[in-house]
Amino acid sequence: MKKNTERFQNFDDHLAYQIDYTSNFNKSFRREFQAKYIDKNITPDEFTILYTISFIPNISQSELATLLFKGKAHVGKILNDMEEKGLIKRYAETRGNMIVKRNEITPKGSEIFKIGHKEFENVKSIMNKHFSKDELQLFINFLKRYRDILETLVDVKLK
């Protein structure tokens with residue numbers, strides 16, 4: 001990996017490149033980490049949905065789509081796949097005048113969530129050893145500010 005990055009040293013000091021590179025690195029990390037430590041039979045998006053439903057049980061498909069930067073129909077397909085895998089059970093209920101599908105984690109999904117939550121807590125612990133709380137918060141604030149500045153240039157539509 002080091003040899004490949006030596007060719008791109010001209011980009012090392014470019015913020016946009018570093019953010020893009022880190023984003024792509026993080027996506028690859030999530031896939032590899034999940035396959036190795038959590039469950040190789042579910043995708044990172046499926047795990048994110050399990051994680052989210054665990055903390056926000058009544059989250060809608062539209063809200064999940066926004067969280068995942070995906071279209072509502074795409075998230076619907078992911079949810080259907082998760083139901084086929086036995087990770088969630090979907091129920092239709094009425095909210096106001098609309099029919100909304102509610103998602104409930106199955107025992108199989110709960111087991112995967114527990115393993116994943118433990119592993120992510122380990123990663124969080126490692127990060128906390130290398131960064132102070134103030135540094136982490138500052139980093140988060142910088143990322144938010146970066147996005148806010150970019151959004152003054154182009155209205156970013158989250159799918």
Beyond-backbone contact of [X] with [Y], side-chain heavy atoms, under 4.5 angstrom:
{"X": "E46", "Y": "L50", "answer": "no"}
{"X": "I115", "Y": "Y37", "answer": "no"}
{"X": "L87", "Y": "K108", "answer": "yes"}
{"X": "I49", "Y": "L68", "answer": "yes"}
{"X": "Q61", "Y": "L79", "answer": "yes"}
{"X": "R30", "Y": "T48", "answer": "yes"}

Considering all heavy atoms, the nearest [X]-[Y] contact:
{"X": "K70", "Y": "I78", "value": "CD-CD1, 4.2 Å"}
{"X": "I105", "Y": "S54", "value": "CD1-OG, 3.2 Å"}
{"X": "F47", "Y": "I112", "value": "CE1-O, 3.8 Å"}
{"X": "I99", "Y": "A92", "value": "CG2-CB, 4.0 Å"}

* Report the C-alpha separation of E121 and K118 in whole Å, then their side-chain angles, then the decisive distance to 0.1 Å, and conclude whether the salt bridge (Lys or Arg N to Asp or Glu O under 4.0 Å) test is met. => CA-CA 5 Å; E121 287 298 315; K118 179 179 171 245; over 6 Å; no

Would [X] and [Y] show up in the same hydrophobic cluster when neighbours are defined by side-chain heavy atoms closer than 4.5 Å?
{"X": "V154", "Y": "L150", "result": "yes"}
{"X": "F33", "Y": "I126", "result": "no"}
{"X": "F139", "Y": "I19", "result": "no"}
{"X": "F120", "Y": "F25", "result": "yes"}
{"X": "I56", "Y": "V75", "result": "yes"}

Please report the interatomic distance [atom1]([X]) to [atom2]([Y]), rounded to the nearest 0.5 Å.
{"X": "N80", "Y": "K85", "atom1": "CG", "atom2": "NZ", "answer": "12.0 Å"}
{"X": "L138", "Y": "D134", "atom1": "CG", "atom2": "CG", "answer": "8.0 Å"}
{"X": "E119", "Y": "K36", "atom1": "CD", "atom2": "NZ", "answer": "10.5 Å"}
{"X": "I38", "Y": "K40", "atom1": "CD1", "atom2": "NZ", "answer": "14.0 Å"}
{"X": "N103", "Y": "M82", "atom1": "CG", "atom2": "CE", "answer": "8.0 Å"}
{"X": "I59", "Y": "I53", "atom1": "CD1", "atom2": "CD1", "answer": "8.0 Å"}

* Can you tell me if T22 uses its side chain to pair, donor with acceptor, with the backbone of Q18 under 3.5 Å? -> yes

* For the side chain of T106 and the backbone of G86, is there at least one donor-acceptor N/O pair under 3.5 Å apart? ->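 Side chain of T106 to backbone of G86: a pair is present.
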
* Decide yes or no on side chain to side chain contact (heavy atoms under 4.5 Å, CB included) for H117 and F55, but give the supporting numbers first. => CA-CA 11 Å; H117 185 62; F55 290 103; 4.0 Å; yes

* To do: Indicate yes or no: does K77 engage D81 in a salt bridge with an N to O separation below 4.0 Å.
  => yes

* Does the pair R90/E104 count as a salt bridge with the N-to-O cut at 4.0 Å? ->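 Salt bridge: no.
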
* To do: Take Q34 and I42 through the side chain to side chain contact (heavy atoms under 4.5 Å, CB included) test and state the conclusion after the steps.
  => CA-CA 8 Å; Q34 184 158 325; I42 69 168; 3.1 Å; yes

* May I ask you to check whether over 12 heavy atoms, not counting those of E32, lie within 6.0 Å of atom CD? =>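 12 or below, so no.
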
* Asked: Do other residues, nucleotides or ligands put more than 12 heavy atoms under 6.0 Å from Y146 OH?
  -> yes

* Do Y51 and F113 have their ring centres less than 6.0 Å from each other? -> yes

* Side chains of T66 and E63: do they bring a donor and an acceptor to under 3.5 Å? ->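 Side chains of T66 and E63: no pair found under 3.5 Å.
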
* Dump the intermediate steps for side-chain hydrogen bond (donor to acceptor under 3.5 Å, both in side chains) on N141 and Q137, then the final yes or no. => CA-CA 6 Å; N141 292 341; Q137 190 57 57; 3.0 Å; yes

